[in-house]
Number of protein chains: 2
Amino acid sequence: MNGKRITIYDIAEELGMSASYVSRALNDHPLVSEKIKEKVKKKAAELHYRHNSQAANLRRGSSKTMGVIIPHIAQSFFSEVIAGIEEACTENQYSLIMCQSHDSYQQERKAIDVLVRQNVDCILICLAEETQSTQHLEAVKNSDIEIIQFDRCIDKVDTYKVMNDNSEAALAMVRHLVAEKYKRIAFIGGPEHLLTFKNRKAGYIKGITEAALNIPFNYIVENALTKEAARQAAIKLLSLKHPPDAIVTVSDVQALAVLQLAESMGIAVPQQLGIVGFANESFTELVRPTLSTIDQQSRELGRQAANVYFKNILKEDVKFRKDKTIVVKSKIVMRQSSQKKMVESSKTKAGQFSQKA
Amino acid sequence: MNGKRITIYDIAEELGMSASYVSRALNDHPLVSEKIKEKVKKKAAELHYRHNSQAANLRRGSSKTMGVIIPHIAQSFFSEVIAGIEEACTENQYSLIMCQSHDSYQQERKAIDVLVRQNVDCILICLAEETQSTQHLEAVKNSDIEIIQFDRCIDKVDTYKVMNDNSEAALAMVRHLVAEKYKRIAFIGGPEHLLTFKNRKAGYIKGITEAALNIPFNYIVENALTKEAARQAAIKLLSLKHPPDAIVTVSDVQALAVLQLAESMGIAVPQQLGIVGFANESFTELVRPTLSTIDQQSRELGRQAANVYFKNILKEDVKFRKDKTIVVKSKIVMRQSSQKKMVESSKTKAGQFSQKA
DNA sequence: CTGAAAGCGCTTACAG
DNA sequence: CTGAAAGCGCTTACAG
């Protein structure tokens, strides 16, 4: 509004003291008396003074700002992660800047650029589906900005990694399906170059092997993370001569695609087809049947990722840092889409399911 | 990693030229030859130089950064708005910093503080449900940072405002319900100090008046924006001696609360109760019955809000600026939850609805 | 308890 | 086409 910006010099002048002293008063320096602090702050408010972090950061060399890059803010998994990160930032008086990559490698690069230019102290990143090249991550590592991967990580990039027990979670899901008497369990996966999806697949394979199920090679579809790709994959699976009676996915969006497809094809879920997702998105309990899934403890995942910076990195000697993977335990959430037995017993009892199985 | 940060002075020294010239080369100044630009950029990359926006901004006085504050990133309405803002920012080579208020006044204040300190050029804000005091907004107005309200606005704060045709949208909804032969149409609203909700209510009242419906005073519930508040409001409404046969809400979350309550009470939707929401959240077409709602054209709303800054403010003479409200037209989305007639006719034809109406 | 001075890294009139 | 110099607004050793 008014032309010139108010600085500590203006306050100093009005109050007949030095700018350095004003700066100390404003920053609650212990050697400045309460009385003076009050006086200075009052005058600052009066003049509509506002602190300029950029100048302070430039001088101090640290911005007390953390950056986070996620594929999509619209998914509740990510917004929960963000909530966890926000908590940790607030506790440590850090600001948070968030960017989304929209699962695009190009936009991810741009986001990194924005954060680097904003001089954040640390970047938390959950990689875009597309990301295979790692030079943008290596470039950050070559700067004095810390970078921490979470959820979707590339193994060979040597950073702290905060991830779920993905393999165990997928294994637990397969065991659950086996217990529910599903026998022909297929898999729709994500891009294998991301450790996360590789591990989920490994868990699936382990479960299949453990149960000694005989799975045709074409029951395993890789790299179908988008809703449309998952839909196409499911169409293929369900039109096989011997279609699967259950489908394990690596994300709730995929599971939703399968569920909607099944509905449109008149396939009864869970009776004819069991479906399980991953992430415990908020929509999973709104759809019918409700979707069985994995609760990734997203808020906790976010907290831990941020705390790697606040605790492991800020408080430890840089020289002794080593690559380290932090594992956040997940929980299986069993709902209707995979509980064949429950439906069958209730059908016998009450007959409230009218579709034939 | 390495101790000292690389600056343009380091590049200048290595190349035997001045820092100013390096700066110009890096910024594609027209008076620098392509050859030299290339040389400088190559050396910059080689030295892992990274531009320091903070220093540049400090010098330049503008950060080319926009800030946005929304209540929750987890709602698809807001993430779509953000997408629209991102588009406009990208087109104008601006960075975007987003913050969420979690509908809390305190957190909204903090968010403003963060953005002011980051020296953003402009703040776009959708107010928290709680926000009644406006001094934090006035404080921004007293600085050289522009502030633009969108979606949820306080009328008396003199800024550009970008909003939907909220009154018309609510009116259209009531007309639709009337056409569907609903007669006892109740209303669950939001906080009236926010213009948005005031307008939606006005539209509802207009529709009721227009249809000459006789509505008891207790059919109108105000200030019940959270899911739980809406649920409580619906419980009261539905346990009246003469309960409503339709409920108009001002948000999809409220509508979802009503829908879930109806389901648990065994009330058939839309046959016994019509329900309409607002915002066209992504879950509205996942629930059963699907929810009728208002498509707020959220992406366009975001674009327009950002463009008020890029077009109206940046390109016009500041002195001639006036308070102005930009209206984004919404669209009614009719789905199952309010279409009694369709259900009834299909029931007659095929008898596929088993619940009694 | 208080101040003078330097410097963070950049851009940009000014001068040549 | 190129450089020297000032200054954006702050913090912080250093000195008293």
Side-chain angles (χ1 to χ4, degrees), chain A residues 2-41 44 47-65 93 116-121 143-145, chain B residues 2-41 44 47-65 93 116-121 143-145:
Chain A
N2 20 12
K4 210 183 133 294
R5 178 181 191 126
I6 305 296
T7 72
I8 51 173
Y9 284 87
D10 299 309
I11 301 173
E13 198 171 353
E14 291 251 349
L15 255 31
M17 52 173 75
S18 76
S20 8
Y21 209 44
V22 169
S23 170
R24 287 192 189 96
L26 254 18
N27 288 313
D28 282 324
H29 190 103
L31 261 49
V32 179
S33 75
E34 279 311 315
K35 224 178 184 167
I36 293 191
K37 281 179 192 168
E38 240 171 67
K39 201 170 116 191
V40 171
K41 286 178 185 176
L47 297 177
H48 297 303
Y49 166 78
R50 55 197 182 83
H51 178 260
N52 186 331
S53 294
Q54 306 205 273
N57 296 339
L58 181 59
R59 174 57 228 247
R60 206 192 302 106
S62 137
S63 63
K64 288 198 116 195
T65 300
Q93 282 126 284
V116 166
R117 282 163 172 262
Q118 292 285 338
N119 239 338
V120 297
D121 294 349
S143 75
D144 49 359
I145 298 178
Chain B
N2 19 14
K4 209 180 134 294
R5 178 180 190 127
I6 304 296
T7 73
I8 51 173
Y9 285 87
D10 299 309
I11 301 173
E13 197 171 353
E14 292 251 350
L15 255 32
M17 52 173 78
S18 76
S20 9
Y21 209 44
V22 170
S23 171
R24 287 193 189 94
L26 253 19
N27 288 314
D28 282 324
H29 191 102
L31 260 49
V32 180
S33 75
E34 278 312 315
K35 221 176 183 169
I36 293 191
K37 282 179 192 167
E38 239 172 69
K39 200 169 119 191
V40 171
K41 285 178 184 175
L47 297 177
H48 296 304
Y49 166 79
R50 54 198 184 83
H51 176 85
N52 186 331
S53 293
Q54 306 206 272
N57 296 341
L58 180 59
R59 173 59 226 248
R60 208 193 301 107
S62 136
S63 63
K64 290 198 111 194
T65 300
Q93 282 126 282
V116 166
R117 283 161 171 262
Q118 293 285 337
N119 238 337
V120 297
D121 294 347
S143 75
D144 50 359
I145 297 179

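Below, chain A is the first sequence line, B the second, and so on; all start at residue 1.
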Inset, instruction - State, without any angle test, whether A/Ser63 and A/Asn119 hold a side-chain donor-acceptor pair at a distance under 3.5 Å. - result: no

Legend entry - Electrostatic pair B/Glu34:B/Lys37 at N-O distance under 4.0 angstrom: yes

Legend entry - Watson-Crick and G-U pairing of DNA chain C written in dot-bracket, each distance under 3.5 angstrom, with | for inter-strand partners: |||.||||||||.|||

Legend entry - Minimum side-chain heavy-atom gap B/His51-B/Leu26 below 4.5 Å: no

Legend entry - Within-4.5 Å side-chain heavy-atom neighbours: A/Asn52 and B/Gln54: no

Inset, instruction - Would you mind reading off the distance between A/Gln54 atom CD and D/dC10 atom P, rounded to a whole angstrom? - result: 11 Å

Inset, instruction - Report yes if at least one side-chain N or O of B/Thr7 is closer than 4.0 Å to OP1 or OP2 of C/dG9; otherwise report no. - result: no

Legend entry - Side-chain N,O (A/Ser23) to OP1/OP2 (D/dT11) below 4.0 Å: yes

Inset, instruction - Side chain of A/Tyr9 only, please: which of C/dG3, D/dT11, D/dA4 is the nearest? - result: D/dT11

Inset, instruction - For a side-chain contact (heavy atoms from CB on, under 4.5 Å) with A/Val22, tell me which candidate from A/Ile36, A/Asn27, A/Ile8 qualifies. - result: A/Ile8

Legend entry - Whole-Å distance separating the CD1 atom of A/Ile6 from the P atom of D/dG9: 10 Å

Inset, instruction - Evaluate the side-chain proximity of B/Asp144 to A/Arg50: yes if any heavy-atom separation is below 4.5 Å, no if none is. - result: yes

Inset, instruction - May I have the distance from A/Leu58 (atom CG) to D/dT11 (atom C1'), rounded to whole angstrom? - result: 10 Å

Inset, instruction - Give a yes/no answer on whether the side chain of B/Tyr49 brings an N or O atom under 4.0 Å of OP1 or OP2 in C/dC10. - result: yes

Legend entry - Test side-chain contact (heavy atoms from CB on, under 4.5 Å) applied to A/Arg24 and A/Val40, A/Val32, A/Leu31, the passing residue: A/Val32

Inset, instruction - Whole angstrom is fine here: how far is it from NZ in B/Lys64 over to P in C/dC10? - result: 17 Å

Inset, instruction - Take atom C1' in C/dT12 and the same atom in C/dG16, then report the distance between them in whole Å. - result: 16 Å

Legend entry - Spatial distance of atom CG (B/Leu58) from atom OG (B/Ser53) [nearest 0.5 Å]: 12.0 Å

Inset, instruction - Would you name the heavy atoms of B/Ala12 and B/Ser18 that are closest together and state the gap between them? - result: CB-C, 3.7 Å

Legend entry - Euclidean distance, B/Asp121 CG relative to B/Asn57 CG, rounded to 0.5 Å: 8.0 Å

Legend entry - Nearest-Å distance for atom pair CG/P, residues B/Asn119 and D/dG9: 9 Å

Legend entry - Atom-to-atom span, CG of A/Asn52 to P of D/dT11 - whole angstrom: 9 Å

Produce the list of close N/O pairs, under 3.5 Å, pairing protein atoms with atoms of nucleotides 13-16 of chain C; give distances to one decimal.
unit_1, atom_1, unit_2, atom_2, d
C/dA13, N6, B/Arg24, NH2, 2.6

Legend entry - Residue pair A/Asp28 / A/Lys41, side-chain heavy-atom distance below 4.5 Å: yes

Inset, instruction - For A/Glu13 and C/dA4, give me the distance from atom CD to atom P, rounded to whole Å. - result: 13 Å

Inset, instruction - Find the distance B/Asn57:CG to D/dC10:C1' and express it as a whole number of Å. - result: 15 Å

Legend entry - Separation between CD1 of B/Ile11 and NZ of B/Lys39, rounded to the nearest 0.5 Å: 12.5 Å

Inset, instruction - Please list residues of residues 26-36 of chain A whose heavy atoms come under 4.0 Å from any atom in DNA chain C, ordered by number; otherwise none. - result: A/Leu31, A/Ile36

